[in-house]
2 protein chains.
Amino acid sequence: MTAKRTRCTPESALLDLLEPTLFKSLADPTRLQVLYRLSCATKPQTVTEIADCCGVHLSGVSRHLAALREAGVVQAQKQGREVRYLLDCARIAAAFEELAEAFGRCAAAKAEHPPS
Amino acid sequence: MTAKRTRCTPESALLDLLEPTLFKSLADPTRLQVLYRLSCATKPQTVTEIADCCGVHLSGVSRHLAALREAGVVQAQKQGREVRYLLDCARIAAAFEELAEAFGRCAAAKAEHPPS
DNA sequence: CGAATACTTGCATGAATGTGCAAGCATGCA
DNA sequence: TGCATGCTTGCACATTCATGCAAGTATTCG
């Protein structure tokens with residue numbers, strides 16, 4: 001392991017990045033649909049608005065949003081009796097950037113030490 | 001095979017990137033263990049070698065590797081009666097890089113048009 | 001040939017999970 | 001206060017899925 005660089009995170013070891021939570025939250029078509037909906041929206045969306053787009057019952061969408069919130073992918077803003085969800089784009093981008101760099105280093109390491 | 005997406009297009013729409021296959025393949029702890037094992041290895045590993053590291057039956061590991069291969073995360077090299085699996089680091093890094101860029105653009109767009 | 005090794009696959013089982021319905025909270029409004 | 005609205009949660013059900021065992025396939029060796 002030659003992780004010595006300092007960038008997005010000082011020490012992004014692949015082992016720490018390979019945690020199932022984020023990937024689990026993205027492993028469902030409905031949740032991805034929710035994510036895409038939020039990515040297009042110009043302002044935080046209510047559960048009802050999101051549910052209107054995916055053909056899933058409101059309660060299911062609510063559960064999906066809870067899962068995405070658990071994974072740190074979306075944030076919730078309670079406003080009166082409605083809850084508006086918004087995508088944490090910067091956080092997601094940072095997570096993927098870390099992963100890209102870690103696997104990039106992995107590729108570089110393997111290119112440097114080719115299999116005999 | 002998921003040869004639907006052509007390549008690393010400079011303009012990668014988020015909708016195309018949010019495809020469950022890759023995330024599904026990474027949503028399991030055992031598969032992540034396999035992935036990490038392959039990332040550390042200096043040369044392609046046999047199914048038996050990989051199975052020795054994760055506490056899962058050989059047949060299960062074989063199935064996991066098949067899933068990872070379907071997702072384009074690993075490649076298989078048949079050598080005689082053994083099959084050596086290797087991580088496609090460059091491909092994975094590129095996929096995550098695309099995602100990071102797409103969500104980065106998303107974040108930038110939202111910063112530009114803040115919710116009123 | 002037959003036997004051994006390496007891996008894959010069919011089958012059964014238990015656990016996890018996505019879904020809808022209905023009930024339960026919480027908040028706003030008349 | 002009563003009622004409507006928005007969301008969450010308990011429950012039941014169906015599906016998916018990870019796992020182990022056993023059988024099957026492929027390849028090498030004697």
Side-chain angles (χ1 to χ4, degrees), chain A residues 18-38 41 43-88 115, chain B residues 1-2 18-38 41 43-88 115:
Chain A
L18 293 182
E19 193 252 342
T21 308
L22 173 64
F23 302 124
K24 264 193 160 70
S25 75
L26 301 177
D28 178 76
T30 303
R31 280 197 289 272
L32 291 180
Q33 213 171 341
V34 169
L35 228 72
Y36 181 65
R37 162 71 173 175
L38 290 178
K43 63 173 188 176
Q45 301 285 290
T46 67
V47 183
T48 306
E49 287 169 341
I50 299 169
D52 285 342
C53 289
C54 26
V56 178
H57 196 269
L58 180 76
S59 64
V61 173
S62 175
R63 259 182 272 257
H64 282 308
L65 286 166
L68 291 170
R69 185 158 40 84
E70 283 292 315
V73 169
V74 303
Q75 291 177 351
Q77 294 177 343
K78 189 168 175 65
Q79 294 178 0
R81 57 185 162 186
E82 56 187 20
V83 180
R84 308 199 85 97
Y85 284 90
L86 61 101
L87 209 56
D88 197 341
Chain B
M1 310 312 177
T2 57
L18 293 181
E19 194 252 342
T21 308
L22 173 64
F23 303 123
K24 265 193 160 71
S25 75
L26 302 177
D28 179 76
T30 303
R31 280 197 290 272
L32 290 181
Q33 213 171 340
V34 170
L35 227 73
Y36 181 64
R37 162 72 173 174
L38 290 178
K43 63 174 189 175
Q45 301 285 290
T46 68
V47 182
T48 306
E49 288 169 339
I50 300 170
D52 286 342
C53 290
C54 25
V56 178
H57 197 269
L58 181 76
S59 63
V61 174
S62 176
R63 258 181 271 257
H64 282 308
L65 286 166
L68 291 170
R69 185 158 39 82
E70 283 291 317
V73 168
V74 305
Q75 290 178 351
Q77 294 176 344
K78 188 170 176 66
Q79 293 178 1
R81 57 185 162 185
E82 56 187 20
V83 181
R84 308 199 85 96
Y85 285 89
L86 62 100
L87 209 56
D88 196 341

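If you're wondering where the values come from, they're calculated on a predicted model, not measured in any experiment. Residue numbers begin at 1 in each chain, while the letters A, B, ... track the order of the sequences.
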Identify, with sequence neighbours excluded, every residue that meets side-chain contact (heavy atoms from CB on, under 4.5 Å) alongside [X].
{"X": "A/A67", "answer": "A/R31"}
{"X": "A/A41", "answer": "A/Q45"}
{"X": "B/R84", "answer": "B/K43, B/P44, B/T46, B/E49, B/Q79, B/E82"}
{"X": "A/R69", "answer": "A/A66, A/V74, A/A76, A/Y85"}

Applying side chain to side chain donor-acceptor pair (under 3.5 Å), name anything that partners [X], two or more places apart in sequence or on another chain.
{"X": "A/E19", "result": "A/T21"}
{"X": "B/S59", "result": "B/H57"}
{"X": "A/Q75", "result": "A/D88"}

Within this structure, what is the CD-to-C1' distance between A/Q79 and C/dG28, rounded to whole angstrom?
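Distance check: A/Q79 CD to C/dG28 C1' gives 14 Å.
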Report yes if at least one side-chain N or O of B/H64 is closer than 4.0 Å to OP1 or OP2 of D/dT19; otherwise report no.
yes
Separation of A/R37 CZ from A/C54 SG (nearest 0.5 Å)
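So the SG of A/C54 and the CZ of A/R37 are separated by 9.0 Å.
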Members of residues 21-33 of chain A that approach DNA chain D, where some heavy atom sits under 4.0 Å away:
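The answer is none.
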Base, backbone or nothing for each nucleotide of nucleotides 1-11 of chain D, written B, S, -, heavy atoms under 4.0 angstrom, 5' to 3'?
---BBSBBBBB
